[in-house]
Amino acid sequence: MCPARTPGTEIREAARLRLTEAAAAGRLRVLVDDSYPLSEAAAAHRRIAVGHTTGKIVLVP
């Protein structure tokens, strides 16, 4: 086994491919809990640290 590859590398690569295919086909739904402008990244991190999110937190440039 090459040093850069771990036992889970093949599993992650296969999952990444399946997720990419599902997203391209419109079968993947991502739940966004909230979004923050990039200038408020610290507030977004605090929100994540509290642990009361029900979806992803998005930083918008």
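As a basis for the values below, the full set of heavy atoms in this structure was taken, side chains included, without hydrogen atoms, waters or symmetry mates.
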Hydrophobic cluster membership, Y36 vs L38, 4.5 Å side-chain cutoff = yes
Given side chain to side chain contact (heavy atoms under 4.5 Å, CB included), test L28 with L19 step by step and report yes or no.
-> CA-CA 8 Å; L28 185 65; L19 286 170; 4.1 Å; yes
Spacing of D34 atom CG and R47 atom CZ [to the nearest 0.5 Å] | 5.0 Å
State the CG-OG1 distance between D33 and T54, to the nearest 0.5 angstrom.
-> 4.0 Å
Distance from I57 atom CD1 to R46 atom CZ, nearest 0.5 Å?
-> 12.5 Å
Straight-line distance of E40 CD to S35 OG, nearest 0.5 Å = 9.5 Å
Indicate, with yes or no, if V32 and L59 share a hydrophobic cluster defined by side-chain heavy-atom contacts under 4.5 Å among Ile, Leu, Val, Met, Phe, Trp and Tyr.
-> no
Reported CD1-to-CZ distance for the pair I11 and R16, which is rounded to 0.5 angstrom = 12.5 Å
Is there a side chain to side chain contact (heavy atoms under 4.5 Å, CB included) between L31 and K56 once you walk through the steps?
-> CA-CA 6 Å; L31 179 62; K56 300 297 182 184; over 6 Å; no
What about V58 and I48, same hydrophobic cluster or not, with Ile/Leu/Val/Met/Phe/Trp/Tyr joined at side-chain heavy-atom distances under 4.5 Å?
-> no
